[in-house]
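Report on the following structure.
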Amino acid sequence: MAKQLETFLERLDQANNQADLQASAEDLRTILKVDHVVYHWVSTTGEQYGCGTYAPDWVQRYIEKDYIRTDPVVLGCYQRFHPVDWKRLDWSTKSARDFRREAIEYGVGNQGFSIPIRGPKGQFALFTVSHNCEDAVWAKFAEDHHRDLILIAHGFNQKALEFEGAAQSGPKQSLSPRETDAMTLLAVGYSRAQVAQSLAISEHTLRVYIESARFKLGAMNTTHAVARAMSQGHIVV
Amino acid sequence: MLHFIYACDLHYYPLLQSTMFQDRARQFKDRLGWNVDVDAKGWERDQYDDLNPLYVILSSDGRHAGSMRLLPTTGPTMVNDYFHRLLPDGPLHSAHIWECTRFCLAPGQGTAAASALQLAGGYLMKRFGVDHLVGVFDKLMTRIYRGIGASPQILGNSEGICAGLWGFDASQFEELSVRSGITEADVKRWFSASLAAMGKGNAARP
């Protein structure tokens, strides 16, 4: 399976759009021999999308009933970052138990393993595999594959981040410390003269830093560069 | 006892919370002289405490004895945001690297407490497929790290502040157990208890 997963990751890396991601999720289900593979993403602006193999009527039901508010998997993983076996989550409330029964009826399976992912700037995603089997079998699966699953989860997320930033394209390069300082000070409203003074450099030298940052960010002008530096997480103000 | 608590659940443990942030103020502002903010309550907190980090806290009689703060490097981290000058090869983003910062010991605590935290870190790494912890620390801490047999690989060093990378292999458990008086089984049990209490605020309070 190791070889298959390697090939899978290479193919995932070639994905160009959401349809490719969907095909990847379906491939992965076959490779891992599990009932379902699901990747669900919430962008920094609260936008959601996902891909996966759950039955369409379950997805529809989930959205209709707004189960995102009761699903113990989401509640347990949101804002956290350690992978979790579903058995470890809190299923004690009545709404959680009802939800679980229904999920099983729709073929989700009685077992699951979810990996929360934290991306830059507050992006959040959840990667899940679910299956129908006995506890011991699932525990063994999770033990054997948790490392691979983490890698795959981040592979999906990397793609999703790439798609989100697609409009801005261009290779992402990190800014040097001086470039970051300059962008940060500009972002908080300093004039060029004030920035140069704060950094104890001449305005000419400052121009060099701004110019190189602008280039790295693929920005059209200084204002655009500052905006991109912020949206891409190069600077925090 | 060790606790594994996300920031969002920390308020369920008020004494542990206040003593941890106060001890951090003592260590980072008073002792090491770092330029950190301490609020009216005497708590040292920064913007990364707002990103829902996972704290590993060693307690003694319900009070903070030592702690560290963990964040995944796929999201914002201190080392990538503020200390790139310590990273000659560029920012670190990896599913298999977590950032560990604010490694802090309460006054009077020493090698045993540091080893307990190290053991807890090793346990999390093993359990969650994390190969390395990356951290920013004061050069003065290198002696403590050496003392507990956990010297990091130094990535960069500037003005007394270092960035370092810790690996962990299972062979370290035994020695850390001897030094801390805690076994891997203890850590596992405490982690499960912390996990069960997550977001509920009723079980396993100190």
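In what follows, every chain begins at residue 1, and chains take the letters A, B, ... in the order their sequences are listed.
Side-chain contact between A/P83 and B/R127: absent, with no pair of heavy atoms (C-beta onward) separated by less than 4.5 Å. When side chains are defined from C-beta on, B/S192 counts as touching A/R88, because their heavy atoms get closer than 4.5 Å. Counting only heavy atoms from C-beta outward, the side chains of B/L71 and A/R118 approach each other to under 4.5 Å. Side-chain contact between B/T74 and A/Q158: absent, with no pair of heavy atoms (C-beta onward) separated by less than 4.5 Å.
Sparse packing is recorded around OH of A/Y190, with 12 or fewer heavy atoms of other residues, nucleotides or ligands lying under 6.0 Å away. Enclosure of atom CZ in A/R11 by more than 12 non-hydrogen atoms of other residues, nucleotides or ligands within 6.0 angstrom is indicated. The number of heavy-atom neighbours closer than 6.0 Å to NZ of A/K87, taken from other residues, nucleotides and ligands shown, is above 12. More than 12 heavy-atom neighbours from other residues, nucleotides or ligands sit within 6.0 angstrom of CD on B/Q22.
Of all residues spanning residues 29-56 of chain B, those with a heavy atom less than 4.5 Å away from chain A's heavy atoms are B/Q47, B/L51, B/N52, B/P53, B/L54, arranged by number. Scanning residues 164-187 of chain B against chain A with a 4.5 Å heavy-atom cutoff picks out nothing at all.
Scanning for salt bridge (Lys or Arg N to Asp or Glu O under 4.0 Å) contacts around B/R143 gives an empty result, with sequence neighbours left out. Residues satisfying the side-chain hydrogen bond (donor to acceptor under 3.5 Å, both in side chains) criterion with A/D98, sequence neighbours excluded, are A/K94, A/R101.
The six-membered or imidazole ring of B/F128 lies away from that of A/F81, with a centre-to-centre distance of 6.0 Å or more.
Ionic pairing of B/D131 and A/R147 is present here: one or more N-O contacts between side-chain nitrogen and carboxylate oxygen are shorter than 4.0 angstrom.
Annotation: maximal heavy-atom pairing with chain B below 4.5 Å, among A/T180, A/I117, A/N157, occurs at A/T180. Each of A/Q79, A/E143, A/R178, A/H82 has some count of heavy-atom pairs under 4.5 Å with chain B, and the biggest count is that of A/H82.
Of all heavy-atom pairs spanning B/A95 and A/I150, the tightest one is CB-CG2, 3.8 Å. Heavy atoms only, all atoms of each residue included: B/P76 and A/G119 are closest at CD-O, 4.0 Å.
When heavy atoms are compared at a cutoff of 4.5 Å, A/H146 approaches chain B solely by way of its side chain, counted from C-beta outward. Looking at A/T184, neither its backbone nor its side chain comes within 4.5 Å of chain B, counting heavy atoms on both sides. Heavy-atom distances place the side chain of B/Y82, and not its backbone, under 4.5 Å from chain A.
Distance check: B/L195 CG to A/D85 CG gives 10.0 Å after rounding to the nearest 0.5 Å. Here the NE2-CG distance, from B/H96 to A/L151, works out to 4.5 Å after rounding to the nearest 0.5 Å.
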From CA spacing to verdict: side-chain contact (heavy atoms from CB on, under 4.5 Å), A/H154, B/S94
CA-CA 9 Å; A/H154 284 272; B/S94 165; over 6 Å; no
